[in-house]
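Report on one structure; see the data block that follows.
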Amino acid sequence: MKVPLSWLKEYVDITMPPEALAHTLTMAGLEVEAIEYIGADWGEDIITAQIAHLEKVAGSDHLSYARVNTGTEELGIICGAPNIKQGDKVPLARVGAKVGDLSIGEKKTMGYHSQGMLCSPRELGIGNDHSGIYILDPATPLGQKLVDVLGEVVFEFAIKANRGDLSSIIGIAREVAALTKQELRIPQPVLHERGRPTAEMVKVTVEDTDLCPRYSARIISNIEIGPSPEWMGRRLLAAGMRPINNVVDITNYVMLEFGQPLHGFDYDLVRHHHIIVRRARPGEEIVTLDGVKRKLTPDMLLIADPEGPIAIAGVMGGAISEVNDNTTTVLLEAANFQAASVRRTSVELGLRTDASSRFEKRLDPELTVAGANRAMQLMAEHAGGTVHPGVVDCYPSPPQPRTITFSTDDVEWLTAVKVTQHEVVEALSWLGFIVVPDEHSNSMQVTVPTFRPDVVESADLVEEVLRMMHDQPAGSR
Amino acid sequence: MFHQVEGLLIDEYCTMGDLKGCLERLARALFGEGRQVRFRGSYFPFTEPSAEMDIDCPICAGVGCRTCKYTGWIEMLGCGMVHPHVLRGVGYDPAKYRGFAFGIGPERVAILRHTIEEIRLFSANDLRFLKQF
């Protein structure tokens with residue numbers, strides 16, 4: 001899982017240099033496999049500039065001549081990209097800059113002096129797009145080193161199979177907060193709900209609750225599909241995802257942020273506005289989003305409408321009800337599917353996705369509504385829609401929180417480390433456990449948060465305490 | 001193909017401190033007295049708590065090189081305290097008995113100890129290679 005640090009900082013203050021943080025997390029079991037420094041090779045001579053004037057080069061079918069303002073001077077640049085216009089802010093590689101393997105020098109082309117080059121995302125190494133110049137946010141100041149504007153440090157984490165909660169930036173922020181004793185900030189979306197209630201617009205029937213413990217649905221109408229904001233696209237790219245459009249990008253953004261996979265259906269293409277969660281019938285087929293027709297078997301869980309399958313639960317949506325350029329109303333699915341079932345379906349189909357790899361690690365069913373609400377807030381902000389009141393939420397048996405009787409003796413029994421009751425209470429509380437210490441002994445009652453289904457008994461808590469003690473406290477004997 | 005050397009000890013007394021002491025001695029016996037050793041939190045289904053043991057890279061002495069991916073550390077093995085499930089599974093009460101376990105890939109040790117750059121040499125059945133040990 002790739003996490004840009006600027007994104008992580010939205011939820012927790014980072015108080016140490018990236019390398020020191022990587023070490024702290026790695027020692028605590030959250031292994032940083034690699035640190036990527038985006039923009040470290042841009043140097044002093046790739047800077048921000050604005051196109052002050054643009055004209056076609058006579059005798060060329062695609063070249064134009066731009067006068068660009070760096071804040072302190074105006075330079076002339078020959079450029080072949082079709083997407084720039086006067087007023088755009090762009091990355092400028094001045095004479096002397098190195099862009100990848102290319103050294104930028106002054107050139108004379110068709111009677112014009114060119115004193116640099118404007119750069120595409122691919123040339124900068126921050127995306128695959130080479131169809132045009134990278135257009136910067138209109139608020140970007142001029143003459144800044146590009147690394148100060150677009151530079152980024154990205155951690156690549158190896159997430160252990162028992163920690164589905166860490167397949168999210170907030171989950172990682174929670175560990176950072178606990179290990180560095182900083183406050184955790186989780187977005188609390190405020191929604192302005194209007195129009196018909198969701199429950200009157202869609203019906204959800206979960207036939208196989210064993211494979212789908214929770215299915216939450218929300219609706220937003222009057223949206224306009226378009227590109228997502230520049231900052232969101234940049235974060236998705238740094239995290240290894242390709243921006244597509246505002247609605248799809250927001251579902252991906254919230255999946256990375258909260259760890260809750262989301263799927264947007266075009267509401268008008270869901271027949272009878274009825275969602276049915278059921279096992280596939282013998283011989284059923286679906287064409288998935290990637291255009292591939294797939295044969296389904298009766299042990300696979302489907303999302304269907306009354307006329308047929310519309311998605312493979314937890315794996316991939318179907319082409320038939322996909323969000324497209326004409327979509328105006330989105331039916332958003334935020335569901336919890338059984339880990340083993342998603343894993344089996346994904347293996348049988350040879351189809352592994354960002355969603356399936358998260359469900360395989362067991363997700364917190366409490367996340368669905370939080371994720372759906374966050375996506376609604378972002379869609380209202382960036383796709384301009386109306387959020388309909390309420391959530392249709394099929395959640396027949398919410399899991400009871402688990403409570404474990406625990407004591408400092410349990411830590412000493414397994415590790416030979418002596419700890420005080422206070423230290424244990426402190427360590428577990430930082431990680432989100434609710435701890436009620438016994439006043440007359442060194443024991444305590446520990447309630448496990450729903451996002452930690454991996455913690456079942458006292459040995460699991462011993463590990464949590466140990467992870468929180470930095471300097472390898474278990475002494476060798 | 002996959003080889004693993006396993007260590008397992010169950011008694012009424014051992015702790016993670018004993019596990020660490022035992023593995024530190026193993027690392028120093030294999031790679032020299034001066035070796036630095038560290039334990040990182042990890043996850044294995046059969047142990048809890050679990051850890052991975054790293055040694056400072058014998059190739060570059062911890063400075064950073066290609067073999068240790070410029071971290072100065074090399075992962076040696078996985079280990080931990082035997083999971084209570086495992087103890088209960090064979091009829092031992094985890095409140096009375098405890099144990100530690102570790103697993104090492106022998107090729108990995110040989111590669112580091114003898115600076116062998118190609119793991120496939122171990123299974124190539126070439127007597128010129130095998131007779132060196």
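Letters go in sequence order (proteins before strands), and every chain restarts at 1. Quick caveat: nothing in here was measured; it's all calculated off a predicted structure. Side chains included, hydrogens not; waters and symmetry mates left out as well; all remaining heavy atoms used.
- Heavy-atom contacts from other residues, nucleotides or ligands closer than 6.0 Å to CD of A/Gln400 number 12 or fewer.
- Atom OG1 of A/Thr26 and atom CD of A/Glu33 lie 9.5 Å apart (nearest 0.5 Å).
- A heavy-atom distance below 4.5 Å is found between the side chains of A/Val419 and A/Val424.
- In this structure, CE in B/Met16 is found 11.5 Å from CG in B/Asp18, a value given to the nearest 0.5 Å.
- Of the atoms belonging to B/Tyr70, not a single heavy atom falls under 4.5 Å from chain A.
- At a heavy-atom separation below 4.5 angstrom, chain A is approached by no residue within residues 119-133 of chain B.
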Below 3.5 Å, can you tabulate the donor-acceptor pairs from side chains in residues 161-172 of chain A to any protein atom, sequence neighbours excluded?
from: A/Arg163; atom 1: NE; to: A/Asp165; atom 2: OD1; distance (Å): 2.8
from: A/Arg163; atom 1: NH2; to: A/Asp165; atom 2: OD2; distance (Å): 2.9
from: A/Arg163; atom 1: NH2; to: A/Glu175; atom 2: OE2; distance (Å): 3.1
from: A/Ser168; atom 1: OG; to: A/Asp165; atom 2: O; distance (Å): 3.1
from: A/Ser168; atom 1: OG; to: A/Gly171; atom 2: N; distance (Å): 2.9

**Request:** Dump the intermediate steps for salt bridge (charged side-chain N to carboxylate O under 4.0 Å, His left out) on A/Glu412 and A/Lys418, then the final yes or no.
**Result:** CA-CA 6 Å; A/Glu412 201 178 335; A/Lys418 286 195 170 21; 2.9 Å; yes
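- Using a 4.0 Å cut-off between charged side-chain N and carboxylate O, B/Glu24 and B/Arg35 make no salt bridge.
- Below 4.5 Å, heavy atoms of chain A meet heavy atoms from B/Ser42, B/Tyr43, B/Glu48, B/Pro49, B/Ser50, B/Glu52, all part of residues 42-54 of chain B.
- Screening residues 81-102 of chain B for side chain to side chain donor-acceptor pair (under 3.5 Å) gives A/Glu457-B/Arg88 as the qualifying pairs, with residues at least two apart or on separate chains.
- Under 3.5 Å, the side chains of A/Asp410 and A/Ser407 contain no donor-acceptor pair of N or O atoms.
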**Prompt:** Going through the checks in order, is the salt bridge (charged side-chain N to carboxylate O under 4.0 Å, His left out) test met by B/Arg108 and B/Glu75?
**Reply:** CA-CA 9 Å; B/Arg108 189 177 198 87; B/Glu75 190 183 311; 5.0 Å; no
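- Interface remark: A/Glu31 contributes side-chain atoms only to the contact with chain B (heavy atom separation under 4.5 Å).
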